[in-house]
There are 2 protein chains.
Amino acid sequence: MATVKDVAVLAGVSTATVSRVLNGHPNVSPEARARVARAVEQLGYRPNRVARNLRVQTSQTVAVIIPDIQNNFFVSVVRGIEDVAIARDHILLLGNTDDSLSREARYIDVLLAEGVAGIIICASDGERSCVAVRRAVEQGVPVVALDRQLQGLDVDTVLADNVGASRMATDYLIANGHTRIGLIAGPDYLTPGRERREGYEQALAAHGLPVDPGLVKVTDFRPSQAREAAQTLLDAPEPPTAMLVCSGLMAVEVMREMAVRQLDPRRDIALVAFDDTVLNRCLCPPIPLITQSTYELGQAAAELLFARMHDPQQPARTLRLQTRLLLPESVPAAGASPASGRQPS
Amino acid sequence: MATVKDVAVLAGVSTATVSRVLNGHPNVSPEARARVARAVEQLGYRPNRVARNLRVQTSQTVAVIIPDIQNNFFVSVVRGIEDVAIARDHILLLGNTDDSLSREARYIDVLLAEGVAGIIICASDGERSCVAVRRAVEQGVPVVALDRQLQGLDVDTVLADNVGASRMATDYLIANGHTRIGLIAGPDYLTPGRERREGYEQALAAHGLPVDPGLVKVTDFRPSQAREAAQTLLDAPEPPTAMLVCSGLMAVEVMREMAVRQLDPRRDIALVAFDDTVLNRCLCPPIPLITQSTYELGQAAAELLFARMHDPQQPARTLRLQTRLLLPESVPAAGASPASGRQPS
DNA sequence: ACGATCAGTGTAATCGATTACATCAGGCCT
DNA sequence: AGGCCTGATGTAATCGATTACACTGATCGT
């Protein structure tokens with residue numbers, strides 16, 4: 001590989017001049033500029049970024065760390081980040097942690113050691129992830145928390161309006177006459193888990209309904225746990241007449257369990273779920289879904305990151321993005337049993 | 001951030017000794033080792049990989065470039081790669097190109113400039129992608145082609161048995177009495193597009209059936225084109241009695257179009273599709289799917305990559321991985337019209 | 001006409017690691 | 001005792017860029 005030195009020799013100038021040309025410095029004569037350009041062309045020279053990064057102590061790379069690359073929610077968010085990064089002439093590197101704290105820490109450490117310009121992270125644990133993330137912050141590497149807050153770290157954060165979403169969904173079920181509403185919730189150590197439960201409780205309280213602890217099943221968002229939670233709820237002596245499922249992947253499992261029991265969400269037990277995956281759009285039958293603006297979530301996170309890269313001093317901001325309740329057709333009122341005819345697809 | 005120098009001073013040794021300790025060289029006294037370890041600990045020292053990479057001209061990072069991060073096929077392959085990379089104590093960086101040649105080239109250039117140790121690429125164009133990839137090969141950076149061959153580049157390659165898969169699927173339809181089988185194919189410039197068509201034609205030929213060009217619609221694998229192709233086929237004066245769809249995302253669109261026309265794949269027009277996405281497992285109704293061992297595909301690619309990183313001289317290998325035809329329940333024979341009763345989910 | 005300013009350029013230091021080479025002490029062999 | 005090997009360590013070169021600083025001539029203002 002050709003180096004600046006080679007280019008300098010061929011162009012008959014010093015390496016300093018080559019570098020100035022390459023980086024668009026103003027005080028270079030047009031001739032020098034032209035000769036360097038020709039030499040670069042001739043040698044097929046491409047600057048070594050490792051050397052550059054070492055010298056300037058920064059890079060044109062930003063990274064995003066997500067817990068599950070198979071979950072369409074995160075992937076869709078990544079798309080939003082990606083487009084912003086590309087537009088800013090950076091490249092985006094993606095790390096997948098599989099919800100493993102150690103893998104997450106490893107990614108962070110390597111990225112820092114490799115001099116990444118910024119990190120967007122959807123932490124696998126709102127509290128315990130902070131140990132590793134803090135290292136980034138301390139090194140002055142901009143960090144944006146995505147979808148999940150970093151407990152006790154003062155960083156830019158982009159979140160969905162989980163409380164509002166959950167409350168809206170619960171309100172909706174209550175409006176349809178349900179009073180015994182099961183909740184298949186996420187863990188307290190993750191923002192969406194915590195806040196979605198809060199929205200649910202707020203809605204119940206607003207309607208003077210009690211929170212029955214027996215109706216609330218806390219999971220760690222893993223589909224297998226959703227299955228168990230659904231079984232417990234459905235096996236209860238007095239099962240709920242509706243359920244709010246706090247993740248899309250979990251909803252798929254809940255519906256599998258209901259199918260086994262010949263329960264139809266339009267007839268027997270109403271279901272509303274957060275929409276994480278493309279899968280949800282294909283559920284048979286369709287159910288009401290809480291959709292999040294995933295792409296915009298990613299965009300917003302990337303914008304915050306670049307803003308901070310540009311001005312590291314500004315105070316940390318937290319953005320909340322709207323959610324929507326997406327109704328398929330109609331949802332059964334509690335007690336009713338219309339069993340609308342099925343139709344293909 | 002602390003540097004080797006700081007560690008050296010604190011430990012009372014030279015930077016050379018620090019480096020030797022850090023890299024596990026044999027000839028270091030136990031005391032020196034201990035003192036360095038303590039200094040490292042005390043300072044929270046972490047080696048700067050940029051500097052290291054510059055010096056040793058390599059890194060512990062491998063990259064995979066895929067055309068569509070929203071397509072579960074690729075993502076699942078990535079998981080296979082990832083696990084191997086982690087096991088080999090490397091980290092994996094993922095680039096998504098959205099089928100854009102320019103983005104692909106940009107990723108490759110940046111990765112090379114950043115000194116990546118190896119690249120696994122699922123090219124967005126079997127021929128035109130080679131321009132950029134060739135630069136990697138010429139720089140001596142190991143490259144593995146994944147799922148799609150790089151025309152005219154002699155690199156390690158991992159492929160699915162596309163011909164066999166397609167032939168098996170077509171055989172299956174023929175065995176069920178179909179003679180007019182539509183093909184919604186992929187483009188010739190991608191291995192899966194080309195080979196799946198070949199398998200289809202081989203199967204027809206083996207049974208003495210003619211290849212009717214009117215039944216073959218070539219697409220670029222984009223779902224929207226699948227929709228058009230399906231429309232054309234179904235609108236034909238003599239429509240096919242069965243269709244083989246060469247990608248999972250396309251199959252979803254084809255089924256949408258059939259649903260609009262009230263056509264049931266179990267009753268009216270048989271359907272077999274390649275299984276790319278989780279979506280396919282949730283199709284209503286389910287159809288026969290050709291499944292590929294995506295995870296193993298990724299694993300194999302990663303193994304080839306590491307093998308080559310270890311020994312750059314070995315001749316390029318091409319691996320073919322088996323596929324399976326996954327039957328849901330039963331598929332209608334041509335002309336039959338059983339319309340088995342529907343059941344939830 | 002003389003100093004100040006400035007455009008254009010080069011020399012060499014620098015980023016933070018690795019490592020070739022030099023050095024030195026001690027042990028061993030003859 | 002002298003030479004040789006070996007283990008442990010240090011000095012300084014090196015990777016390939018950027019850039020502080022120095023220098024040269026030319027231009028300009030007074």
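Every chain is numbered from 1 and lettered A, B, ... according to where its sequence line falls, protein lines coming before strand lines.
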Between [Y] and [X], is there a salt bridge with N-O shorter than 4.0 Å?
{"X": "B:R79", "Y": "B:E82", "value": "yes"}
{"X": "B:D89", "Y": "A:R106", "value": "yes"}
{"X": "B:R103", "Y": "A:D83", "value": "yes"}

In whole angstrom, what separates B:E114's CD from D:dA17's C1'?
13 Å

C:dG16 C1' sits how many Å from B:Q57 CD, rounded?
14 Å

Residues within residues 37-56 of chain A bordering DNA chain C, heavy-atom distance below 4.0 Å
A:L54, A:R55

Of all of residues 13-35 of chain B, which get a heavy atom below 4.0 angstrom from DNA chain C, listed by number?
B:A16, B:S19, B:N23

Which pair of non-hydrogen atoms, one from [X] and one from [Y], has the smallest distance, and what is that distance?
{"X": "A:S124", "Y": "A:D99", "answer": "CB-OD1, 3.5 Å"}
{"X": "B:F221", "Y": "B:P187", "answer": "CD1-CD, 3.7 Å"}
{"X": "A:R148", "Y": "A:P192", "answer": "CG-CD, 3.9 Å"}

Apply salt bridge (Lys or Arg N to Asp or Glu O under 4.0 Å) to B:E303 and B:R88, showing your working.
CA-CA 10 Å; B:E303 296 293 1; B:R88 306 290 185 112; 2.6 Å; yes

What verdict does the side chain to side chain donor-acceptor pair (under 3.5 Å) test give for A:N96 and A:Y107, after you've listed the backbone C-alpha separation in whole Å, the side-chain angles of each residue and the deciding distance to 0.1 Å?
CA-CA 9 Å; A:N96 174 47; A:Y107 265 114; over 6 Å; no

